[in-house]
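Written below as structure tokens is the structure these notes are about.
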Amino acid sequence: MSISETVAMMPSPVVKYGDDRDRPLPELQILQSATATAEAVVAALVQSGGCVVKNLIHADGLAEIEKDTRPYLNAADTWEGSFFPKETRRVTALAEKSTAFMETIVGNKLYQDLCKIMLRSTVSNWLGDEQKISTSYPQVNSTFILSVGPGARAQGLHRDSTMHHMNPTRKTAEEYQIGQDPEIGIFVCAKRTTKANGATRFIPGSHLWDPDTPPTESLTRYVELQPGDAFFMLPSCLHGGSTNTTKDEERLLYGAFMTKSYLRQEENQYLTNNHEKLKKLQSTEMLKLLGYDLSRPFLGWIQSGNPLTALFEPAEKGKTDYY
Ligand SMILES: O=C(O)CCC(=O)C(=O)O
Ligand SMILES: [Fe+2]
């Protein structure tokens with residue numbers, strides 16, 4: 001019997017363990033930015049897979065991002081594939097376009113703090129008789145603005161974590177282990193987002209499901225937000241954009257994902273960004289966050305040194321250590 005025939009005869013996990021869709025749905029927690037801590041957001045994500053933080057981004061920041069990016073949005077083609085509805089316009093490669101986007105959304109302190117808790121990784125390694133501990137810090141996975149117009153159909157429910165070939169395994173929130181999700185998403189509402197204009201919907205708790213359990217629309221929760229509110233999400237949670245049933249409302253979302261620095265970035269930061277623009281718009285710290293840095297102990301080198309040398313040669317040359 002072939003391997004695939006043998007596997008096909010195995011009992012489906014849904015049958016073996018009962019149906020994930022009958023499990024109680026955890027609450028979507030809604031925190032206030034004035035009091036939310038990274039630890040509280042992480043706890044909420046472990047419990048539900050998603051968490052809202054109200055008033056995270058100031059209106060000035062949203063306005064500055066819109067000033068930087070609206071011309072690109074206006075010039076963007078509508079989406080032609082099947083992943084997004086055709087009423088979708090997108091702006092990507094935000095690092096070469098907007099300091100405000102990178103500093104305000106990606107660089108948001110709460111977001112970065114919770115990413116450090118969930119995506120940082122340490123490994124012990126021997127070099128001869130010396131034992132070292134290397135820490136790899138999170139890097140940007142993708143940056144995007146989504147503008148979804150009236151009439152857009154709902155996006156199919158999906159898991160973003162499948163891009164890194166990482167699916168959840170069935171467990172309880174208590175059994176969840178920090179590190180098992182390869183990315184963390186931030187979706188910032190730039191214009192009032194309602195169920196009617198296509199708010200992101202997700203299935204709370206589906207990051208704890210068996211990956212073979214099919215998504216069920218009746219279990220979704222719509223994440224309605226006011227401008228400046230943020231929705232943080234684990235990528236192993238089933239989610240998608242929804243139908244925009246309005247006649248004249250644009251749903252505008254400023255989004256980013258962070259990932260572990262030893263995984264491939266979804267949006268190729270080295271090729272999508274013009275390096276001269278990057279150097280002009282982004283700080284050295286932000287360039288490191290974008291992946292122009294070593295992931296310790298020694299991943300991503302260029303000519304045995306830190307990849308920042310590719311941008312700043314000769315100033316940074318020789319400053320780096322390989323290991
Ligand atoms: O449109 C949304 O709210 C979600 C988009 C999304 O899930 C994605 O781009 O992967
Ligand atoms: Fe997604």
Side-chain angles (χ1 to χ4, degrees), residues 28 45 48-53 56-57 69 73 76-94 101 105-106 140-168 181-204 206-207 209 211 214-215 217 219-246 249-259 263-268 272:
L28 165 63
L45 288 174
S48 309
C51 172
V52 168
V53 178
L56 187 70
I57 308 294
T69 59
L73 210 45
D77 291 332
T78 49
W79 181 263
E80 282 191 7
S82 58
F83 187 64
F84 297 103
K86 64 178 175 26
E87 294 78 3
T88 305
R89 289 177 199 274
R90 299 198 315 152
V91 181
T92 59
L94 271 306
F101 183 96
I105 308 289
V106 177
V140 168
N141 194 49
S142 61
T143 60
F144 53 91
I145 291 179
L146 279 182
S147 160
V148 188
R153 59 154 176 81
Q155 195 182 31
L157 295 167
H158 61 277
R159 292 188 166 96
D160 285 19
S161 55
T162 49
M163 79 178 80
H164 285 121
H165 287 227
M166 288 186 194
N167 265 327
D181 269 285
E183 310 116 33
I184 309 283
I186 178 171
F187 292 179
V188 171
C189 167
K191 275 189 171 182
R192 193 174 71 106
T193 300
T194 60
K195 181 175 176 180
N197 71 20
T200 310
R201 70 199 185 290
F202 83 115
I203 302 183
S206 54
H207 62 304
W209 283 14
E217 286 292 344
L219 299 178
T220 56
R221 163 104 200 222
Y222 289 77
V223 185
E224 297 194 305
L225 302 171
Q226 296 293 328
D229 296 347
F231 177 55
F232 293 111
M233 193 189 68
L234 296 181
S236 58
C237 217
L238 289 162
H239 69 281
S242 307
T243 311
N244 186 337
T245 60
T246 68
E249 289 181 32
E250 173 197 39
R251 181 169 70 97
L252 188 63
L253 181 161
Y254 297 161
F257 278 84
M258 295 290 294
T259 189
L263 294 176
R264 184 166 183 188
Q265 291 162 302
E266 178 183 9
E267 180 186 38
N268 191 321
T272 199

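One-based numbering, in listed order, for ligands and for the atoms of each.
In terms of modelled atom types and a separation under 3.5 Å, the side chain of S206 and the main chain of L238 share a donor-acceptor contact. Checked by atom type and distance alone, the side chain of E266 never pairs as donor or acceptor with a backbone atom of S142 at under 3.5 Å. No side-chain donor-acceptor contact under 3.5 Å links N244 to the backbone of R153. Under a 3.5 Å cut-off, the side chain of D181 and the backbone N or O of E183 do not form any donor-acceptor pair. Between the side chain of R201 and the main chain of V223, no donor-acceptor pair closer than 3.5 Å is present. Judged purely by atom type and a 3.5 angstrom limit, T259 has no side-chain atom pairing as donor or acceptor with the backbone of N141.
The closest approach between F144 and ligand 1 stays at or above 4.0 Å for every heavy atom of the residue.
Below 4.0 Å from some heavy atom of F83 lie the following atoms of ligand 1, by number and element: 8 (C), 9 (O), 10 (O). Taking a cut-off of under 4.0 Å to the non-hydrogen atoms of F84, the atoms of ligand 1 that pass are 9 (O). Using a 4.0 Å cut-off to heavy atoms of L253, the atoms of ligand 1 that qualify are 3 (O). Remark: ligand 1 atoms within the under-4.0 Å shell around heavy atoms of G241 are 1 (O), 2 (C), 3 (O), 4 (C). Using a 4.0 Å cut-off to heavy atoms of D160, the atoms of ligand 1 that qualify are 10 (O).
Distances from the Fe ion (ligand 2) to each N, O or S atom of D160 single out OD1 as the nearest.
Draw a line from the Fe ion (ligand 2) to NE2 of H158 and another to NE2 of H239, and the angle between them is 90° (to 10°).
Closest to atom 3 (O) of ligand 1, if we only count protein heavy atoms, is T200 OG1, 2.6 Å. Scanning all protein heavy atoms for the shortest distance to atom 1 (O) of ligand 1 gives R251 NH2, 2.8 Å. Of the protein's heavy atoms, Q155 OE1, 3.5 Å lies nearest to atom 5 (C) of ligand 1.
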From CA spacing to verdict: ring-ring contact (aromatic ring centres under 6.0 Å, His included), F231, F202: CA-CA 11 Å; F231 177 55; F202 83 115; 5.1 Å; yes

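Of the heavy atoms in L146, only side-chain atoms (C-beta onward) come closer than 4.0 Å to ligand 1.
A salt bridge links K191 with E250: the distance from a Lys NZ or Arg NE/NH1/NH2 to an Asp or Glu carboxylate oxygen falls below 4.0 Å.
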